[in-house]
Every structure is written in structure tokens, then in C-alpha cells.
Amino acid sequence: MSAATVDLMDYSDVIDRYEPVLGMEVHVELGTATKMFCGCPTEFGAEPNTQVCPVCLGLPGSLPVVNEKAVESAIRIGLALNCSITPWGRFARKNYFYPDQPKNYQISQYDEPIATNGHLDVVLDDGTVFRVDIERAHMEEDTGKSLHVGGATGRIHGASHSLLDYNRAGVPLIEIVTKPIQGAGERAPEVARAYVTALREVLKSLGVSDVKMEQGSLRCDANVSLMPKGAKEFGTRTETKNVNSLRSVEVAVRFEMRRQAAVLASGREILMETRHFHETDGTTSAGRVKETAEDYRYFPEPDLEPIAPDAAWVEELRGTIPEYPWLRRARIQSDWGLSDEVFRDLVNAGALDLIIATVDAGSSVDAARSWWVAYLTEKAKERNVSALEDLPITPKQVAEVAGLVDAKTINNKVAKQVVDFVLAGEGEPGQIVEAKGLGMVSDDSALQAEVEKALAASPDIAEKIRSGKVQAAGKVVGDVMKATRGQADAARVRELVLAACGVEG
């Protein structure tokens, strides 16, 4: 579908005539080792239907058991979002009949979610802070994955057949639902993006999920409705499903506002429906008529005990909630004395957290910055690695390399070789230096011998140095560095060269 085939109202006219109301529903796959109610692994990318068992396949006689780590993660998410943690709550069965849900119901939470009534203050592009109120965060299990084959769009319409992979069925999910977001006006699309961005950062800082939208670890459903200016009641909403990038959240909300405004202005009614977002042109198209809670026929899950987290445990978990990432960034920028431009480059390069971890492991800020934004960024490009964190080297290892340079065990040239060996999986930096004999040649007598050889091999250069042209010493220093396989201290070699020629540097 193209935007040209859909009636759209100019955005400025939308804002003049209507008040947008948003509701964001974000599903987060937790990074637990096993599924929500069984012991099956949750590794992404495994062969289809290899991570399943009678429980997550919904076979008769199988019984679920709650994943304690998932409950802990849910509580920590709730606390980070300033929610109240429910002292007692039950799971429920949400009944619906789709092929990607093998039991024909989903174990979820309905009227007794784990966390309620929170908020998240998000920072917009100009520094404005906008508060988004959180209705609830509840636990549930993910569905399987459908692959529609034979059609042009990858959707069921036009496909010749469908394939089902139940590896994802039963993976722990947290659904975070906002209260209606009002008052954003023309900035509503920006607020939507800023909220999902901030939420993603918080979740990543908690370590509860890898929040990779491209892999479906974080999925956003954007609800949009319009109220005529001065109206008291909300308009009919649509729900754009599974928007899978931060930029697309903003694009989808803006498009839906323009589309709905054109529909209302023509005298037609908005259908309460799900809609599909199309990344190629930023449009949405109709999915299915949206169900209400009554349509799901919720009832308490009879096979699971209620969740009743101990108050002392909740308070213990409260102590594990880290500083909000954006506040942490502001503090670190101030502590490091970096300009906005330099700091923004570190953030945009995806290097900031790695640099911080490297500094925490003992490196200086300058050394950590240099390694991650220069040499390791270059290596990531060579390896076609999209994220620095996916390189096979840790901040601790980078800090160890920096420490070896500081201690003059190796020089900068050899340090790059050591990093290359670490990237190749050959061991820890210190072990590599020792095993491969890469330590710096620091014995002055050995260096003096090499200097004398180099001067003897280049008598014309030696004479220039003796006559006061000290810049000519670079040639001899280079020859000595080559002879020592780059393992000498170039500054010390230069001192020895000048001393041998009877001149001062």
C-alpha cells in the first residue's frame, strides 16, 4: 500500500482540529535461560521446533511451573517504572484460537498484574521532559511464530501455505501498558518515539532483556485516536501492531493521525481494528477488527499458584535498580569533561557503555575512548559487525591491554597485535604477550647494540645527526624498531641514537 492511495490530512490541519490520544503497549521478551512455564531453552535462531516440550506445546496432562527469574525481572521492571508491586495476584487464561498459540489460550495476567500505576519521565529532543503514566506491567508467555509462504508480502493474504515454529512459544514476556497519553499535541509522534526509546534504555540497563527490536525481543503496539478540539470523550482507537524500530514508532503514529483525521473529516467512522505498519513507505493498512477483553473470556489459571512476592524481597530488588541511563550519561559527561558533540558521537557509535565498562575495569578514559571509537570500530567494520558489543572482546580485556601499555610491558603498535589475537580467540592479553614473546625490549644494552648496527648501516644518516640535523634520527629509530619487531620503546631508542651521535634532543 502507498500513502498516495490513502486520504491523508495535512499534519498542521490535524493539530488545528484534533487532540491526539496515544496508548503504547510494549512487549518485552525476557532474557531468561528457560521459558516462562517450562525448562525449554530460549536461544534465538535455533532450528525450528527444537526448543519445545509437552508444556509449551500444550499437550494433555502437562503442567506449567512459574519461572522465578522471570518474576524477579518483572518486579524489577515495575520498580524501575515507579509502579506499585502487587502483593498477591493470579495468572489467567486468555482464550483465543490462532495457530501460533498451541494451547489455544495464553497464560497471562488480567485483573491482577504484577505492577500497576507507575510513570516514566522521558526527555524530548529539545530537552523538554514529558511524563508518561504507566497503567500496568504484567507477565505472560509469548506465542509461536508463523511463516507465510508463497505470497508477495509475507502475510497470510495471498500465501499458499504457512509454517509454524513453536520455539518462541512460552518465552517469558512482560507487557507494559501506558495510560492514555494526552496533552502532547503536535509532538505526539515524538513523544511516542521518546517513550519507547527511554523504556528500551531502562530495560537494557536492568539487564532483563537484550531489547533487540529487529529480533522481536521488544515489540511495540501503538494505539492512536483523535478527539475533536473541545470534545470530552476519546475517539475510537486503532492499534498498529509490532512496530519494530524507534523511528518507525514515530512514523506510524504520525501517519495514523493523518489518516484518521481524513476519515473523520469525510464524515466516516474510525473502525476499532488492528493495523499493519509497512516499513517500506511508512503507511498502515487494516488488519482485523479489534477484540475486547470480553472476547478473550479470561478466567483464573487453575494450574498455577498465585504470585505473592515477599515485601522484603521486593525491597531487596529495589536496591538493584540502576540510575536512569540518561541521568547517568549526563553525570558521566560532566565527570569526564566532554563536549556535547564528542559525547554525542560516543553515544551514536554505541561505544559509551563499553567505554564506561572499560574505565570501570581500570583503564583511563582517554585510552578506553581511543580503543573503542578508533581501532575497534575499524575492526567491527572489517568484520561486518553492526554493534561494537558484538565483537569477541570484552571491556575487561581492553582495559588489560591498556594497562600493559601503561606499564610499558608493550607499546601501542604491539598492543594492536595483542587485540587482534584476542579477537581471533587466542586467549587473554597477558597470556598472549607472554606466549608469543611480545613484551617490550627494555634492556638498554640490547637496544644499544641495535642502535650501533643501524648507525653503522647508514653512515650518511649518522653524519647528518652528528652535524645537528636531529630529525634525521627518525630513519635510524625506524630501523631499530623494525629490527626489534616493534617491541622497543621508540622514545628510548631515539634517546640512545642521539646519545650515540653525541647530540642532545
Side-chain angles (χ1 to χ4, degrees), residues 25-40 42 53-97 101-119 133-143 168-179 203 206-209 291-321:
E25 301 175 14
V26 175
H27 290 82
V28 186
E29 277 191 359
L30 298 179
T32 55
T34 57
K35 293 185 180 181
M36 187 72 204
F37 302 113
C38 66
C40 289
T42 57
C53 72
V55 174
C56 56
L57 289 176
L59 299 183
S62 60
L63 292 173
V65 177
V66 175
N67 185 325
E68 181 180 2
K69 187 66 176 179
V71 176
E72 176 186 306
S73 296
I75 293 172
R76 295 181 70 232
I77 290 170
L79 293 172
L81 297 178
N82 304 291
C83 292
S84 298
I85 304 303
T86 304
W88 190 94
R90 294 173 296 181
F91 282 100
R93 290 188 179 183
K94 178 181 179 182
N95 294 275
Y96 64 96
F97 301 98
Q101 185 53 272
K103 296 191 294 287
N104 283 329
Y105 63 85
Q106 179 187 35
I107 300 178
S108 181
Q109 289 183 304
Y110 174 45
D111 55 346
E112 297 171 301
I114 188 71
T116 58
N117 293 321
H119 66 267
D133 291 320
I134 308 295
E135 176 71 34
R136 57 191 280 147
H138 65 260
M139 299 179 286
E140 59 188 22
E141 58 180 335
D142 209 345
T143 63
R168 197 175 68 184
V171 168
L173 277 185
I174 302 297
E175 182 176 359
I176 302 164
V177 182
T178 69
K179 294 181 180 180
L203 295 166
L206 290 170
V208 296
S209 172
E291 293 92 343
T292 64
E294 290 75 16
D295 293 325
Y296 289 124
R297 302 189 328 278
Y298 283 98
F299 63 86
E301 168 56 68
D303 292 333
L304 288 170
E305 292 284 336
I307 298 294
D310 181 73
W313 184 43
V314 172
E315 289 308 306
E316 180 183 336
L317 293 178
R318 192 186 300 277
T320 70
I321 306 304

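- No side-chain heavy atom of D303 sits less than 4.5 Å from a side-chain heavy atom of F37.
- Once rounded to the nearest 0.5 Å, the distance linking OG of S73 with CG of L317 reads 9.0 Å.
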Show me the donor-acceptor pairs, under 3.5 Å and distance only, between side chains in residues 57-64 and residues at least two apart or in other chains.
from : atom 1 : to  : atom 2 : distance (Å)
S62  : OG     : P54 : O      : 3.2
S62  : OG     : L59 : O      : 2.7

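- When every heavy atom of P102 is checked against every heavy atom of C56, the shortest pair comes out as CG-O, 3.3 Å.
- Taking NZ of K35 as the start and CG of N67 as the end, the distance is 12.0 Å to the nearest 0.5 Å.
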Evaluation steps, side-chain contact (heavy atoms from CB on, under 4.5 Å), between V314 and L79 | CA-CA 9 Å; V314 172; L79 293 172; 4.2 Å; yes

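- Nearest heavy-atom pair, Y105 versus E141, reported as atom, atom and distance to 0.1 Å: O-OE2, 4.3 Å.
- For P309 against I75, the heavy-atom pair with the smallest separation is CB-CD1, 3.7 Å.
- Under the rule for a side chain to side chain donor-acceptor pair (under 3.5 Å), K94 has no partner lying at least two apart in sequence or in another chain.
- D133 contributes atom CG, which lies 10.0 Å from atom SG of C83 (distance to the nearest 0.5 angstrom).
- Here the closest heavy-atom approach between residue F91 and residue Q109 is recorded as CD2-CG, 3.9 Å.
- Summarising the geometry, atom CG belonging to N117 is positioned 11.5 Å from atom CG belonging to N82; distances are rounded to the nearest 0.5 Å.
- By the side-chain contact (heavy atoms from CB on, under 4.5 Å) test, E175 pairs with E25, H27, H138, E140, V177, sequence neighbours left out.
- Between L206 and R76, the closest heavy-atom pair is O-NH1, 2.9 Å.
- Considering only heavy atoms from C-beta on, R168 comes within 4.5 Å of E29 through its side chain.
- Judged by distance alone, the side chain of T86 and the main-chain N or O of P113 form a donor-acceptor pair under 3.5 Å.
- Atoms CG and CD1, from L30 and I77 in turn, are 5.5 Å apart once rounded to the nearest 0.5 Å.
- Not counting sequence neighbours, the partners of Y96 by the ring-ring contact (aromatic ring centres under 6.0 Å, His included) test are Y98.
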side-chain contact (heavy atoms from CB on, under 4.5 Å) between T178 and E135, intermediate numbers included | CA-CA 5 Å; T178 69; E135 176 71 34; over 6 Å; no

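- Residues meeting the salt bridge (Lys or Arg N to Asp or Glu O under 4.0 Å) test with R90, sequence neighbours left out: E112.
- Rounding to the nearest 0.5 Å places CD1 of I107 at 12.5 Å from CG of L173.
- Of all heavy-atom pairs between I307 and V66, the closest is CD1-CG1, 4.1 Å.
- Residues passing the side chain to side chain donor-acceptor pair (under 3.5 Å) test with E72 are K69, sequence neighbours excluded.
- For the pair R136 (side chain) and Y110 (backbone), a donor-acceptor distance under 3.5 Å is present.
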